[in-house]
Protein chains: 2
Amino acid sequence: MSFDSTIQAKAVSITRLSYEMTASSGSGHPTTCASLAHIVSVLMYQHMRYEPVNPSHPSSDRLVLSEGHAVPIVYAACADLGIHIGKDKTNLRAMTRDDAMTLREIDSVVDGHPNPAEGFPFFDTATGSLGQGLSHAAGLAVAAKIDGLDKRIFCIIGDGESREGQIWEAVDFIKDHALNAVCTIFNCNAYGQADKVSDQQSADTTVKKLQAAGYTVLAIDGHSPSAIQDALSQHAQAQFDPKAAPLAIVAKTQKGWGSASQQGQGHHGKPAVGDELKTAIEELETTGRSLGATADTPLKIGMMSPKKPERTQPQPVMSFNEAMQQFGLGDALTKGKYATRRAYGVALRALGLANQNVVSLDADVSNSTFADMFANDESLAERFIECRIAEQNMFSVAAGLSAGGKIPFASTFAKFVVRGYDQIEMAVNSGANIKVVGSHAGISLAADGPSQMSLPDIAWFRSFATMQRQNGTPGFYVLQPSDAYQAYALTLAMAEYDGPCYMRTLRPDTEFLYGENDTFTLGGHEVLTEGRDLLLVASGYMVHEANKALDDLDAQGIDATLVDLYSLPFDAEALLDLANENNGMILTLEDNYGGGIGSAVADAVAEDGGGFTVHQLHVKNLPKSGRSTDDVMNYCGVSAKHIVEKAMAMLELSAT
Amino acid sequence: MSFDSTIQAKAVSITRLSYEMTASSGSGHPTTCASLAHIVSVLMYQHMRYEPVNPSHPSSDRLVLSEGHAVPIVYAACADLGIHIGKDKTNLRAMTRDDAMTLREIDSVVDGHPNPAEGFPFFDTATGSLGQGLSHAAGLAVAAKIDGLDKRIFCIIGDGESREGQIWEAVDFIKDHALNAVCTIFNCNAYGQADKVSDQQSADTTVKKLQAAGYTVLAIDGHSPSAIQDALSQHAQAQFDPKAAPLAIVAKTQKGWGSASQQGQGHHGKPAVGDELKTAIEELETTGRSLGATADTPLKIGMMSPKKPERTQPQPVMSFNEAMQQFGLGDALTKGKYATRRAYGVALRALGLANQNVVSLDADVSNSTFADMFANDESLAERFIECRIAEQNMFSVAAGLSAGGKIPFASTFAKFVVRGYDQIEMAVNSGANIKVVGSHAGISLAADGPSQMSLPDIAWFRSFATMQRQNGTPGFYVLQPSDAYQAYALTLAMAEYDGPCYMRTLRPDTEFLYGENDTFTLGGHEVLTEGRDLLLVASGYMVHEANKALDDLDAQGIDATLVDLYSLPFDAEALLDLANENNGMILTLEDNYGGGIGSAVADAVAEDGGGFTVHQLHVKNLPKSGRSTDDVMNYCGVSAKHIVEKAMAMLELSAT
């Protein structure tokens, strides 16, 4: 049993270091670590195929630690194995025990939870907000499948966190797409934070649930090296068996394994210190000896295929008019209007044809978001990923696809994007390159009512536009195209840019405002009309309401400037120059609740201190269903009529 | 078979009206309606116990239509039965067929999706964003259990929407809490929007999943009146059997039942109009005749218990000092500091003792949020609801509890509240009275890193503070207490107020700034220091950083005013008066990304146009783990030192 004895020795050793690290940091979850000691040892010392010097090699097997708080046990193995770390990807260095002891220090890459963006490339995605890892793993597996790579993705899930519905969305997704490269491992240590886990999350019930979902399930002792190795080997064999179901391992483990004083309720997230630490380690060593722990056999990390995905260079993307003609939609061009959501579909398809890294995801509404234009092109169908009605999983799969080198565009109704905000934020933390596209944005969709309307979305995404990622780019670009040409161009711009973008598209057809030769950039804006009395700042549907208002304003003697502020963040200085040319009077227009572009403009104005005035027209009541867009715009006080009234009130004019 | 023939007649009749209504509105989902024709007929004409004239009676059986887009079929039955509707709850009137034909009109209470706040009291909660209804039903059942009511709650779930993980969170929750009053009905019509549903959501797989979760499952033909009635009767019998498992009905149905031309792919959400409508209705009538549809038997809505929940009047709540003494925490008072999250726990317990309507929910972190102070009081334990690690379900359960007359306080880490934003927004739409409490807010928790830090939360909740509910109150009050006395007082204020509130609490102990005699109100703020050079506006942890900065500012010759802006919305005029007394110079301080109180102040300043200057100090980079709060405050540029630097730069001073 030399493999067993050696794994036992490694298990003791990395558990011990986990105790020491968390004692040093004064926080962390050593008992959760202990429950994973053998699974992590077998995976990282023997079973996984990867290069310690190049831990993010695209062909290497991947480990997604969904229960991110258990990360010290992985750090401990990394320190022992000298796995390379470092914030500068071009200059990594072998991790040491000293590195491990810097856990959670402010200048350490050894962060509190898995955090590739902080310099730990062994992980692909940031985890720690629970229930997301299996979806990341699924995204990595989809990318590998598209690229023809044989890598496997191991995902470790806590029993407590498996209460999160997203885990079960991912379970279904993996089955739907036959992503047998994912090896799903449930760590059933029976304890959550406040209490034991529910019987609904017991190992036995988890086995039944997975079987009901069509999985092959192996229930094992999670502290038996040979049982772990056997189960993992079964997964390796099943990976390419077209008849095999996805495989899951349900491992019964002990929280605080090895140290009796650390077991039972009350030890979650509490490092042992002082005498308690000493006792825990003594018990651990004794346990190891009783199990014959001896590092008497060399372990060998698996050999991975050196193959890297072959990718052709992206080609230039055709123009909107060309795409419309080529896709048989030329007639629509002559009508003078076209919905931005449709233009998104056209752009996505044109992009897909030009760039093989572009993938499309949708949540059962591709015929509303028009992602189906991509899906229905036979040459692209392999890169369309139907996620069904499960948005949390979709956005985390997108994060996994990004980690796998893809450029994922994930679309659903803007209202339903909120379902994945936590997942999207974790993707930002991961440094992911995701494109989020919300259709039927704002209130212009009208008939379906507020359960389908995105109203605080701009406020939320804008919050990320006020901060910067490690490379100095915004946490999010927020894009609100008003016409089809702009939507097309911005979709292309999103693909060219490496970072998170949110684009809002509209249900109704909107008139063309732009043409083939107009260019749009992330961070840009467009002056549509130049006046001198008042600066109207709008985006998306509100640009059209503003346009409707211009004639009436003119009749009332108001010569207004209209800016299409289609991007956040934007060039504040340029906007304030325009305000200066308009008496310092600004009226912002939004079809959502406050905190959006109105506040963005107010932020700039207030920081400037130059005495500009900003009034904000936005939705200030709960919308409801209306049969027409105009009905709802009126109901919510943001129609052309309201713009005129507000403008006149600002300028202290009365109607003529 | 006279019951059968009568139900068939009702099914035809309400399906027909569903076609007519959706044709009239030009949008809607008639084929989904048709798939529910028999289930809704049996429930509403025969099985449910309720009073059409008083459709929200607290003892009546309830129907939660989780797949809200099928609502016309319920409206059609309501119109036929004369169920009372109206926006003014004190002056309802019987619904008519004419009302039904106003579906989705802007001035109609017959909204596009179930919407009690718009005047449809037959429903308790707004649905339409999918996957939430079963959690609402569970919340209603918890409330009924606490109140000793024997009502039953029927929840209809679409097969497509059952892909949402939240459904399975609710399935586990119902089992955990033995909420056998909930009758879970899956409508398996096999079609989603863009495609057929996945095999993972087939009736057969759904049966297996429910059985794995420990349910008794009845698989039935959803168009067989007697099979439906039998299954519902089995549920009635099992409701009070302590040995019974929760019961679910998995009904195979046909999308577009009765009208062959409306079946198969491509009919989701598309009303039939013109000839297509004529054909659909002719087919429907023919189907009815072939099934012997004849309304030859009087149906009778069940008799409900007239019992209403007995509730004692809330008693005055003891003061913070009294509560601390009474709960054996008096020593902490002498230390001069106490974490706001702890004060929340103290307040929640004191509130619970004084007001039997107060309930507490938590997601496996009650020993971090300190909701466990409520849970661990034996006299309150029945009103503590452990939701495990499943935040989406928790917030929707809270919405259901509110509909059941309770005052739910739902707590978890502020970071994980985002998991339920969609659910919280739907609760606002429902008119719910929910209290959301997010602990470990901002970056002061330090060690755990960004996966546990709430950073865009204030921006999102503030968006609701910019709009008003139907009764003129804000969509949300956003509360950020800085000390324990304030946290205690604001918790009590939340309970007294009928409407949505979000309170952020902090991990670290913070110094006492206030005392027993200070009063705090929703919408209030507090002037802590009066100066004349610069107005510092802070809340929560940043009040303490600002306090630290005051001495240094003084040393640099800056006499600053410090306002604790603990509430959004706030009294903008009063704040601008303070700015006027401080040279019009304002510096806002936040431990989150932008879009929060800084933007709120900027909004007020920019609208005023008086030339004030607002600089915002907030988190502008991705945080990471640090061992101390100070480390992370420094890393993110929002420490006392940064406040001083920023203030000096604003006032164009250089360090002395």
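Atom set for the values below is all heavy atoms of this structure, side chains included, hydrogens, waters and symmetry mates excluded. Every chain is numbered from 1 and lettered A, B, ... according to where its sequence line falls, protein lines coming before strand lines.
Among A:Gly449, A:Ala117, A:Gly192, the residue with the largest count of heavy-atom pairs under 4.5 Å with chain B is A:Gly192. With respect to chain B, the highest number of heavy-atom pairs below 4.5 Å among A:Gly131, A:Gly112, A:Ser129 belongs to A:Ser129. Comparing B:Gly28, B:Gly609, B:Ser625, B:Gly68 by heavy-atom pairs within less than 4.5 Å of chain A, the highest count is held by B:Ser625. When B:His268, B:His69, B:Glu105 are compared by the number of non-hydrogen pairs under 4.5 Å with chain A, B:Glu105 comes out ahead. Heavy-atom pairs under 4.5 Å with chain B peak, among A:Ala604, A:Ala170, A:Ala212, at A:Ala212. Most heavy-atom pairs under 4.5 Å with chain B: of the set A:Val417, A:Thr206, A:Thr613, A:Asn393, this distinction falls to A:Thr613. Between chain A and the options B:Gln452, B:Lys208, B:His615, the largest number of non-hydrogen pairs under 4.5 Å is found for B:Gln452. Options A:Glu386, A:Glu161, A:Gln200 differ in how many heavy-atom pairs under 4.5 Å they form with chain B, and the most are formed by A:Gln200. Residue with the most contacts toward chain A among B:Lys415, B:Glu391, B:Met426: B:Lys415 (heavy-atom pairs, distance under 4.5 Å). Between chain A and the options B:Ala600, B:Ser628, B:Pro623, B:Ala390, the largest number of non-hydrogen pairs under 4.5 Å is found for B:Ala390. Note on A:Phe461, A:Phe413, A:Phe612: by heavy-atom pairs under 4.5 Å with chain B, the leading option is A:Phe612. In terms of heavy-atom pairs under 4.5 Å with chain A, the best-connected choice from B:Thr205, B:Val605, B:Asp107, B:Leu130 is B:Leu130.
Tested against B:Arg627, the residues A:Ser24, A:Ser108, A:Ser27 include a single side chain to side chain contact (heavy atoms under 4.5 Å, CB included) partner, A:Ser24.
Both the backbone and the side chain of B:Gln468 come within less than 4.5 Å of a heavy atom of chain A. Of the two parts of A:Leu210, neither the backbone nor the side chain holds a non-hydrogen atom closer than 4.5 Å to a non-hydrogen atom of chain B. Contact of A:Val197 with chain B is made through the backbone alone, with heavy-atom distances under 4.5 Å. Of the two parts of A:Phe173, the backbone and the side chain both hold a non-hydrogen atom closer than 4.5 Å to a non-hydrogen atom of chain B. Contact annotation for B:Arg104: both backbone and side-chain heavy atoms come within less than 4.5 Å of a heavy atom of chain A. If you measure heavy-atom distances from A:Pro114 to chain B, you find no contacts under 4.5 Å at all. For a residue to count as touching a neighbouring chain, one of its non-hydrogen atoms must lie under 4.5 Å from one of that chain's; by this rule B:Glu118 touches chain A with the side chain only. For chain B, the nearby parts of A:Tyr421 are the backbone and the side chain; heavy atoms of each come within less than 4.5 Å. At a 4.5 Å heavy-atom cutoff, the contact between B:Glu425 and chain A is made by side-chain atoms alone. Of the two parts of A:Ala447, the backbone and the side chain both hold a non-hydrogen atom closer than 4.5 Å to a non-hydrogen atom of chain B. Only the backbone of A:Val619 has a heavy atom closer than 4.5 Å to any heavy atom of chain B. Of the atoms belonging to A:Thr127, it is backbone heavy atoms, and not side-chain ones, that fall under 4.5 Å from chain B.
Residues B:Ser368 and A:Gln193 bring a donor and an acceptor atom of their side chains to less than 3.5 Å of each other. Side-chain contact, B:Asp603 with A:Gln616: a donor N or O sits under 3.5 Å from an acceptor N or O.
Using a 4.5 Å cut-off on side-chain heavy atoms (C-beta onward), A:Met467 and B:Asn621 make no contact. Taking 4.5 Å as the limit, some side-chain heavy atom of B:Asp195 sits within range of a side-chain heavy atom of A:Arg388. For the pair B:Asn115/A:Pro450, a side-chain contact is recorded, criterion being any heavy-atom separation below 4.5 Å from C-beta on. Using a 4.5 Å cut-off on side-chain heavy atoms (C-beta onward), B:Arg462 and A:Pro456 make no contact. In this structure, the side chains of B:Glu164 and A:Arg419 come closer than 4.5 Å at one or more pairs of heavy atoms. Contact of the B:Glu169 side chain with the A:Trp168 side chain is not registered, since no non-hydrogen atoms from C-beta on lie closer than 4.5 Å. By the 4.5 Å heavy-atom criterion applied to side chains, B:Asp448 and A:His113 are counted as neighbours.
Summarising the local packing, NZ of B:Lys620 is surrounded by more than 12 heavy atoms from other residues, nucleotides or ligands at distances under 6.0 Å.
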Discussion item. One pair to check against side-chain contact (heavy atoms from CB on, under 4.5 Å): A:Thr466 and B:His618. What are the steps and the verdict?
Written reply: CA-CA 9 Å; A:Thr466 69; B:His618 62 70; 3.6 Å; yes

Item to complete: Please test A:Gln392 against B:Gln392 for side-chain contact (heavy atoms from CB on, under 4.5 Å), starting from the C-alpha separation and ending with a verdict.
Response: CA-CA 11 Å; A:Gln392 297 192 92; B:Gln392 298 192 93; 2.5 Å; yes

Worksheet item: Are A:Lys209 and B:Asp172 close enough, and set up right, to give a salt bridge (Lys or Arg N to Asp or Glu O under 4.0 Å), and what steps lead you there?
Response: CA-CA 11 Å; A:Lys209 286 178 174 178; B:Asp172 280 350; 2.8 Å; yes

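Between the CD1 atom in A:Ile389 and the OG atom in B:Ser198 there is a gap of 11.0 Å [rounded to 0.5 Å]. Note: A:Gln166 CD to B:Gln166 CD = 13.0 Å, rounded to the nearest 0.5 Å. Interatomic distance, B:Lys175 NZ to A:Asp199 CG, rounded to the nearest 0.5 Å: 7.0 Å. Annotation: the span from A:Ser451 atom OG to B:Asp111 atom CG amounts to 8.0 Å, rounded to 0.5 Å. Atom CH2 of A:Trp460 sits about 10.0 Å away from atom OH of B:Tyr593, to the nearest 0.5 Å.
Here the side chain of A:Ser463 pairs a donor or acceptor atom with the backbone of B:Gly594 at under 3.5 angstrom.
The existence of a salt bridge linking A:Arg163 and B:Asp176 is confirmed by a sub-4.0 Å separation between a basic side-chain nitrogen and an acidic carboxylate oxygen. A salt bridge between B:Lys196 and A:Asp364 is absent, with no side-chain N of the basic residue lying under 4.0 Å from a carboxylate O of the acidic one.
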